[in-house]
Colleague: 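Would you mind keeping the following structure in view while I ask a few things?
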Amino acid sequence: MRQDELFALVDCNNFYAACERVFAPELEGKPIGILSNNDGIIVALSDELKQLGINRGVPLFKIKDQIRKYDIRIFSSNYTLYGDMSSRVMKILSRFTPDFEIYSIDEAFLRLSEFRHLDLTAYARKIKHVVHQWTGLPVSIGIGPTKTLAKLANHVAKRRKDLAGVFDLTDHPRKDNILASIDVKRVWGVGPQYAKLLHRNGFHNVLQLAGAPRKWIKKKMTVVGLRTVLELNGTSCIDLEQDLDPKKEIVSSKSFGQPVTELKDLQEAVNSYCIRAAQKLREEKQVTGQIMVYVTTNRFKNEPQYANYEFYKLPLPTAYTPDLLQAAARILKNIYRRGYKYKKVGVMLSEISPEVNIPPDLFTPTYLDDRRRVIMACMDAINHKMGMNKLTYAGVGTVQNWKMKREMLTPHYTTRWQDLPIVKA
DNA sequence: TCTGGGGTCCTAGGACCC
DNA sequence: TCTGGGGTCCTAGGACCC
């Protein structure tokens, strides 16, 4: 716990919508919505779209009328584009301090404790300016003595237009008034459930939450909630996480573009997610000791429902795709029931550990010491060079009835030569 | 017709052991 | 009538994040 820290949270405004806009300037001023996988719900909105009263999470089909009426521009999510723009932003931020944490695709925490002699608001304005100039993306920056307060300052920076996107909450003369004007649900770490609980018990604004009895908070919101309250009071409990620690589980799952009933189609989808999960595993130089597969029908539909899952412990930790495909196929056969319309299947790898830690086995060759690892490395190298899944397994099928919907996808402007934008003189 | 995907952390409670 | 106690490990579930 420390009292003398200073953090900035840099957050790209409406990141996905802004990325689309960078390469299609005619979208300036237009309401924009970005869809989830399968084009199901709105996951990101431009300010113009928010002003129309549309919220994150609303299903596309529910706003069809408004789309026509207000000329709303809708896009499928283009993660290749967003990922590439994100790494550009992060690279720029790293020039301003080596002491920073990439928190999500569009956010980073910067430790500014060593910069306290500077005018931090001016410094943040400069960061904002450079990011915008070099990438075309607008960001907001909040500054505070803890990560939680920096997040909150960022919220204020976004909401109040007079601040021009930068706000420093540290030692602010009107800090209490500001905290008192913000609902607890805006606090990092307070989700819908805890917000309800807090409201029920008379804690409505952030100032009230900061003054809540610590014992009660710990009892009702565990140590996580307690940390949040301490952070609101200026005691830093959540440090930067710089060395990205290896993942503890890897999940690959997607809803289907249309209902799937046949085991064969489910099997293809499971195979394809399995292959993807195994690739991620090897990228991190990890092996897995346990695989889980689950299936579920569409819970929103008024038709027979079924959901099930099963774990399988692998005899030895592995990252060899065929091992996982075999295990997954066996699980799927166990849990599949004929007669249901399936909406989604998923694969989860857990008990993940670094490949160098595989225990030596006297009798069975492990993933490390036989040729399986070499084969995987070859496949990964080829796919990396030639494009995703140029080389794959017959098990993923060729028809792919389950494939997800992406009907409104923009080009891969930054990562595919043939999609490069053309400048007309 | 159409409702996302991928993560993390914490706790309670059961199983098991001595 | 009496029927321990404590430690550890595991898992499921609930909360959160973007």
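In what follows, every chain begins at residue 1, and chains take the letters A, B, ... in the order their sequences are listed. Source: prediction; values computed, not measured.
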Colleague: Need one value for Lys219(A): base, sugar-phosphate or nothing, where a base atom within 4.0 Å counts as base even if backbone is also close, heavy atoms only.
Modeller: nothing
Colleague: Check every strand shown and say whether Ser252(A) touches a base, only sugar-phosphate, or nothing at a heavy-atom separation below 4.0 Å.
Modeller: sugar-phosphate
Colleague: Considering all heavy atoms of both residues, which atom of Asn233(A) and which atom of Ala210(A) are nearest to each other, and what is their separation?
Modeller: ND2-O, 3.0 Å
Colleague: Nearest to the side chain of Val251(A), which nucleotide is it out of dG6(B), dA12(C), dG5(B)?
Modeller: dG6(B)
Colleague: What is the distance from NZ of Lys147(A) to P of dC18(C), rounded to the nearest Å?
Modeller: 12 Å
Colleague: Does one side chain, of Gln267(A) or Asn271(A), offer a donor that lies under 3.5 Å from an acceptor on the other?
Modeller: yes
Colleague: Report which part of the nucleic acid Lys218(A) touches: base, sugar-phosphate, or nothing (heavy-atom distance under 4.0 Å, all strands).
Modeller: nothing
Colleague: Compare the minimum distances between each of dG5(B), dC17(C), dT3(B) and the side chain of Ile41(A), then state the nucleotide with the smallest one.
Modeller: dT3(B)
Colleague: Aromatic contact between Phe167(A) and His172(A), with the criterion being ring centroids under 6.0 Å apart: yes or no?
Modeller: yes
Colleague: State plainly whether the residues Arg282(A) and Glu355(A) are in salt-bridge range, i.e. N to O under 4.0 Å.
Modeller: no
Colleague: Among dC2(B), dC16(C), dG5(B), find the nucleotide with the atom closest to the side chain of Lys301(A).
Modeller: dC2(B)
Colleague: For dT3(B), does OP1 or OP2 lie under 4.0 Å from any side-chain N or O of Lys344(A)?
Modeller: no
Colleague: What is the nucleic acid contact for Val190(A), judged by heavy atoms within less than 4.0 Å: base, sugar-phosphate only, or nothing?
Modeller: sugar-phosphate
Colleague: Separation of Tyr82(A) atom OH from dC18(C) atom P, in whole Å?
Modeller: 18 Å
Colleague: Which residue, Glu249(A) or Leu60(A), contacts DNA chain B at a nucleotide closer to its 5' end, judged by nearest heavy atom?
Modeller: Leu60(A)
Colleague: Closer to the 5' end of DNA chain B via nearest nucleotide, is it Thr222(A) or Arg299(A)?
Modeller: Arg299(A)
Colleague: Can you check whether Ser77(A) has a side-chain N or O nearer than 4.0 Å to OP1 or OP2 of dG4(B)?
Modeller: no
Colleague: Using atom C1' in both nucleotides, what's the gap between dC17(B) and dG4(C) to the nearest angstrom?
Modeller: 14 Å
Colleague: Tell me the partner of dC18(B), counting only Watson-Crick (N1-N3 plus N6-O4 or O6-N4) or G-U wobble (N1-O2 and O6-N3) with both under 3.5 Å; none if nothing fits.
Modeller: dG5(C)
Colleague: Select one nucleotide: of dG7(B), dC10(B), dA15(C), the one nearest the side-chain heavy atoms of Tyr194(A).
Modeller: dA15(C)
Colleague: With a non-hydrogen cut-off below 4.0 angstrom, is Val187(A) in contact with a base, only sugar-phosphate, or nothing?
Modeller: sugar-phosphate
Colleague: Does dG4(B) have its OP1 or OP2 closer than 4.0 Å to a side-chain nitrogen or oxygen of Ser253(A)?
Modeller: no
Colleague: CZ of Phe15(A) versus C1' of dC18(C): gap in Å, rounded?
Modeller: 12 Å
Colleague: Rounded to whole angstroms, how far apart are CG on Asn298(A) and P on dT1(B)?
Modeller: 12 Å
Colleague: Would you kindly say whether Tyr309(A) and Thr296(A) are connected by a side-chain donor-acceptor distance under 3.5 Å?
Modeller: no
Colleague: OP1, OP2 of dC18(C) versus side-chain N and O of Lys151(A): anything below 4.0 Å?
Modeller: yes
Colleague: Ignoring the backbone of Arg227(A), work out which of dC9(B), dG7(B), dA15(C) is nearest its side chain.
Modeller: dC9(B)
Colleague: Do Phe109(A) and Trp188(A) have their ring centres less than 6.0 Å from each other?
Modeller: yes
Colleague: Between atom CE in Met348(A) and atom P in dT11(C), what is the gap in whole Å?
Modeller: 10 Å
Colleague: Give one of base, sugar-phosphate or nothing for Leu35(A), where a contact means two heavy atoms less than 4.0 Å apart.
Modeller: nothing
Colleague: Out of dG4(B), dG7(B), dC18(C), which nucleotide sits closest to the side chain of Ile250(A)?
Modeller: dG7(B)
Colleague: Check for me whether the distance between the ring centres of Tyr16(A) and Tyr79(A) falls short of 6.0 Å.
Modeller: yes
Colleague: Need one value for Lys220(A): base, sugar-phosphate or nothing, where a base atom within 4.0 Å counts as base even if backbone is also close, heavy atoms only.
Modeller: nothing
Colleague: Please give, in whole Å, the distance from dC17(C) P to His155(A) NE2?
Modeller: 13 Å
Colleague: Considering only side-chain heavy atoms of Lys313(A), which listed nucleotide, dC10(B), dT11(C), dC18(C), is closest?
Modeller: dT11(C)
Colleague: Looking at dC18(C), dG13(C), dT3(B), which one has an atom nearest to any side-chain atom of Phe61(A)?
Modeller: dT3(B)
Colleague: Over how many whole Å does the gap from Arg406(A) atom CZ to dG4(B) atom C1' extend?
Modeller: 13 Å
Colleague: Which nucleotide in the list dT11(B), dC16(C), dT3(B) gets nearest to the side chain of Val223(A)?
Modeller: dT11(B)
Colleague: Look at the side chain of Asp106(A) and decide which nucleotide, out of dA12(C), dG7(B), dC18(C), has an atom nearest to it.
Modeller: dC18(C)
Colleague: Salt bridge or not between Glu231(A) and Lys147(A)? Use side-chain N to carboxylate O under 4.0 Å.
Modeller: no
Colleague: Can you tell me the distance, in whole Å, between the OH atom of Tyr294(A) and the P atom of dG6(B)?
Modeller: 7 Å
Colleague: Using a cut-off of 4.0 Å on non-hydrogen atoms, how would the nucleic acid contact of Lys196(A) be classed: base, sugar-phosphate, or nothing?
Modeller: nothing
Colleague: If you compare every side-chain N and O of Lys248(A) against the phosphate oxygens of dC9(B) (OP1, OP2), does one of them come in below 4.0 Å?
Modeller: yes
